[in-house]
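Following: one structure in structure tokens, then a few remarks.
These values consider heavy atoms only, across backbone and side chains, with no hydrogens, waters or symmetry-generated copies.
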Amino acid sequence: MASFAFSAGVGRYISPSNAMVSVNCENRSEGFSLGEGIFARKRDPRYSVITKVATQAPTMVPSLEKELAIDRNHVAWTSVRQERWEGELAVQGEIPLWLSGTYLRNGPGLWHIENYNFRHLFDGYAMLVGLHFENGRLIAGHRQIQSEAYKAAKKNNKLCYREFSEVPKPDNFLAYVGELANLFSGVSLTDNANTGVVRLGDGRVVCLTETQKGSIVVDPDTLETLGKFQYSDSLGGLIHSAHPIVTDTEFLTLLPDLLKPGYLVVRMEPGSNERKVIGRVDCRGGPAPGWVHSFPVTEHYVVVPEMPLRYCAQNLLRAEPTPLYKFEWHPDSKGFMHVMCKASGKIVASVEVPLYVTFHFINAYEEKDEDGRVTAVIADCCEHNADTSILEKLKLQNLRSSMGEDVLPDARVGRFVIPLDGSPYGKLEAALDPEEHGKGMDMCSINPAYLGKKYRYAYACGAERPCNFPNTLTKIDLFDKKAKNWYEEGAVPSEPFFVARPGATEEDDGVVISMVSEKNGDGYALLLDGSTFEEIARAKFPYGLPYGLHGCWVPKK
């Protein structure tokens, strides 16, 4: 059995073969050295005081819901007290030698302030986790992202900014009025960048959430917070899609317009902080734009979803959360899908589709006839059967108290067919039988080389029933309409992230990376073969990590 321990500043990596490797772990005020691995910093003569890196695993908050027994608090929904940790992990199995770079995963890591417990999965203060792969070795670490919201909460021992479901408690009526004024200006909105992390075409790495001010630049080598990502344009607005489309050549995102309901489609070039407008989509229904947590693109088009789960200014102003938080469900306003040409900004299709609820789009592509003419756009997503209850199920109290109960709302791979022949209606159907993946579906990735193109495989989290949360890793085959699932009882895996093998010619030739939280309080990094979907390696953390959200890959420089 492999083991890992720290002693006097040296991380001792004991392999399954009992061969021992020592790794120097020094901690300075500007970072720390861990051999020649990811988190290494050049020695700086300005720093003469050297202290030891974490000699113990981070302690966990034993119970944030006092009425629940400790053994019912899965580590996936438990805060990590320690702001940072670093170390080399013992690997069981074999990491491919070609896997060279860093997987970064963002997500909530702290769900309480002093004795106050947050209510929703999306409220937690952001924690960045790094897995650095090189020469078959794995060095890991985590750091709390130093947002203004997090630093203010630490300093004042209370909530100071508006989170997803949390609102600061004003001391008096005048303070409440002032807080409302700050809301309209955006001052009181959080910058807690706890949702995603992307690598821009120029190499900068940015953590994101749905508030525009919550765009924070981090160092992928040290996981340090470097500062705000300041947009240099004058487009304004308070919110944007939490999931932009990012490639080596561009950055595309949507800016919802809450005053004149619609969306701006904008592009940003590598090396620039200036977003430029491609075009605008006016909403066809409802009092406000639909929530645009994510959106898909094809080679030539941007697909703009208009979901009947719409932003609600009144709910945003309330001091206590409503059942749908900052949204309202407007089935009478109908659902729509719009297709905009990337080059001209012209809307080439705007169709009504069946009602839908989705957080995450998987991919989209252009369907062509035998003469090569584009006849339709196909857009796939993790669709929750037009059921908004998924938001309520993600309350922390529900996640902690209903382990083992079959209360996860059904979901499917929803496939939109958007005709480009002027038809007023599009289709929404299941891309494969939802029973293939336990009628659970979320947190998806694909081979990035197939972004916007016809593709066969997707990787996501499915369900092994009974469950209250997606608990499998699932490989979807959209040609054969089959799914293959990885499952361990009591485990909660995070988003499966696909990394293609350099030089690969097959779509699924690569590895899938996930971080797994275990029921017994432990956790590990997991590698699956992208083709066979069999486990090839795992590396246990000396502590359990809470559930995380989305990640990105930073190749070795």
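Distance CD/E163 to OG1/T190: 3.0 Å, rounded to 0.5 Å. Taken from CD1 in I347 to CG in D282, the straight-line distance is 7.0 Å, to the nearest 0.5 Å. Here the CZ atom belonging to F336 is positioned 14.0 Å from the CE atom belonging to M307, to the nearest 0.5 angstrom. Atom CD of E506 and atom CG of N447 lie 11.0 Å apart (nearest 0.5 Å). Of the inter-residue distances, the one linking Y161 atom OH with Y150 atom OH reads 15.0 Å to the nearest 0.5 angstrom. Atom CD1 of residue I476 and atom OH of residue Y455 lie 9.5 Å apart, to the nearest 0.5 angstrom.
Of the possible polar contacts, none joining the N106 side chain to the A126 backbone as a donor-acceptor pair under 3.5 Å is found. No donor-acceptor pair under 3.5 Å is formed between the side chain of R501 and the backbone N or O of D509. Between the S241 side chain and the H293 main chain, a donor and an acceptor come within less than 3.5 Å of each other. Of the possible polar contacts, none joining the K342 side chain to the I278 backbone as a donor-acceptor pair under 3.5 Å is found. Between the side chain of E250 and the backbone N or O of D248 there is no donor-acceptor pair closer than 3.5 Å. Side-chain atoms of Y459 come within 3.5 Å of backbone atoms of G530 as a donor-acceptor pair (strictly under, hydrogens ignored). A donor-acceptor pair under 3.5 Å is absent between the side-chain atoms of E306 and the main chain of M337, judged by distance alone. Side-chain atoms of D477 never come within 3.5 Å of backbone atoms of K482 as a donor-acceptor pair (strictly under, hydrogens ignored). Although no hydrogens or angles enter the test, the distance criterion places no donor-acceptor pair under 3.5 Å between the side chain of N363 and the main chain of D380. Between the side chain of N194 and the main chain of G124, a donor-acceptor pair closer than 3.5 Å is present.
Around the NZ atom of K334, the shell of radius 6.0 Å holds no more than 12 heavy atoms that belong to other residues, nucleotides or ligands. In the displayed structure, K454 atom NZ is contacted under 6.0 Å by at most 12 heavy atoms of other residues, nucleotides or ligands.
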Evaluate side chain to side chain contact (heavy atoms under 4.5 Å, CB included) for D387 paired with V357, printing each intermediate quantity in order.
-> CA-CA 6 Å; D387 182 359; V357 169; over 6 Å; no
Evaluate the side chain to side chain donor-acceptor pair (under 3.5 Å) criterion for residues T211 and T209: first the C-alpha distance (whole Å), next the side-chain angles of each, then the deciding distance (0.1 Å), finally the verdict.
-> CA-CA 6 Å; T211 63; T209 188; 5.4 Å; no
Evaluation steps, side chain to side chain contact (heavy atoms under 4.5 Å, CB included), between W85 and V80 = CA-CA 10 Å; W85 179 87; V80 169; over 6 Å; no
What's the verdict on side chain to side chain contact (heavy atoms under 4.5 Å, CB included) for L255 and Q212, showing C-alpha distance, side-chain angles and the deciding distance?
-> CA-CA 9 Å; L255 307 182; Q212 292 191 39; 3.8 Å; yes
Taking it one step at a time, do F533 and D508 satisfy side chain to side chain contact (heavy atoms under 4.5 Å, CB included)?
-> CA-CA 10 Å; F533 216 55; D508 59 352; over 6 Å; no
Apply ring-ring contact (aromatic ring centres under 6.0 Å, His included) to the pair F118 and Y125, showing each step before the final yes or no.
-> CA-CA 10 Å; F118 292 169; Y125 290 118; 5.4 Å; yes
ring-ring contact (aromatic ring centres under 6.0 Å, His included) evaluation trace for F416 with Y356 = CA-CA 10 Å; F416 292 97; Y356 63 100; 4.9 Å; yes
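Checked for salt-bridge contact, E299 and K453 miss the test: no charged N lies under 4.0 Å from a carboxylate O. The pair D221-K557 counts as a salt bridge, with a side-chain nitrogen and a carboxylate oxygen less than 4.0 angstrom apart. Under the 4.0 Å criterion applied to side-chain N and carboxylate O atoms, R456 and D480 are assigned as salt-bridge partners. Between E148 and K151 there is a salt bridge, with a side-chain nitrogen of the basic residue lying less than 4.0 Å from a carboxylate oxygen of the acidic one. Using a cutoff of 4.0 Å between basic side-chain nitrogens and carboxylate oxygens, R412 and E383 are scored as salt-bridged. Ion pairing between K556 and E134 holds under the 4.0 Å rule for side-chain N and carboxylate O.
By the 30° and 60° cut-offs, the orientation of the rings of Y231 relative to F229 is perpendicular. The aromatic rings of H360 and H243 sit perpendicular, their planes meeting at an angle over 60°, well past the 30° parallel limit.
Looking only at atom types and distance, the side chain of E274 has no donor-acceptor partner in the side chain of S232 under 3.5 Å away. Between the side chains of T249 and T247, a donor-acceptor pair is found at a separation under 3.5 Å. Donor-acceptor pairing under 3.5 Å is lacking for the side chains of R275 and T253. One side chain, D123 or S165, offers a donor N or O that lies under 3.5 Å from an acceptor on the other. Between E495 and H550, the side chains place a donor N or O and an acceptor N or O closer than 3.5 Å (distance only, hydrogens not considered).
L104 is listed as a side-chain neighbour of P220, based on a closest heavy-atom distance under 4.5 Å. At a threshold of 4.5 Å between non-hydrogen side-chain atoms, the residues V302 and V297 count as touching. Side-chain atoms of S514 and W486, non-hydrogen and from C-beta on, never get closer than 4.5 Å to each other. No side-chain heavy atom of L264 sits under 4.5 Å from any side-chain heavy atom of D257. Proximity of H338 to I418: side-chain heavy atoms (C-beta onward) are nowhere separated by under 4.5 Å. In this structure, the side chains of K368 and V374 come closer than 4.5 Å at one or more pairs of heavy atoms. In this structure, V351 and Y425 have side chains that are not in contact, with every pair of non-hydrogen atoms separated by 4.5 Å or more. With contacts defined as side-chain heavy-atom distances shorter than 4.5 Å, the pair N192/I145 does not qualify.
The ring of F164 has its center closer than 6.0 angstrom to the ring center of Y325. Note: W291 and F359 meet the aromatic proximity criterion, with ring centroids under 6.0 Å apart.
Shown here for S517 and L545, the closest heavy-atom pair between the two residues is OG-O, 2.5 Å. Closest approach of E328 to C312, counting heavy atoms only: CD-SG, 3.5 Å. A pairwise comparison of heavy atoms in S294 and P305 identifies O-CG, 3.9 Å as the closest pair. Across all non-hydrogen atoms, the minimal contact from L355 to P308 is CD2-CG, 3.8 Å. Between P419 and A376, the shortest heavy-atom contact is CA-CB, 4.1 Å. Shown here for P108 and L121, the closest heavy-atom pair between the two residues is CG-O, 3.5 Å.
Y457 carries K475 over the face of its six-membered ring, with the cationic atom under 6.0 Å from the centre and within 45° of the normal.
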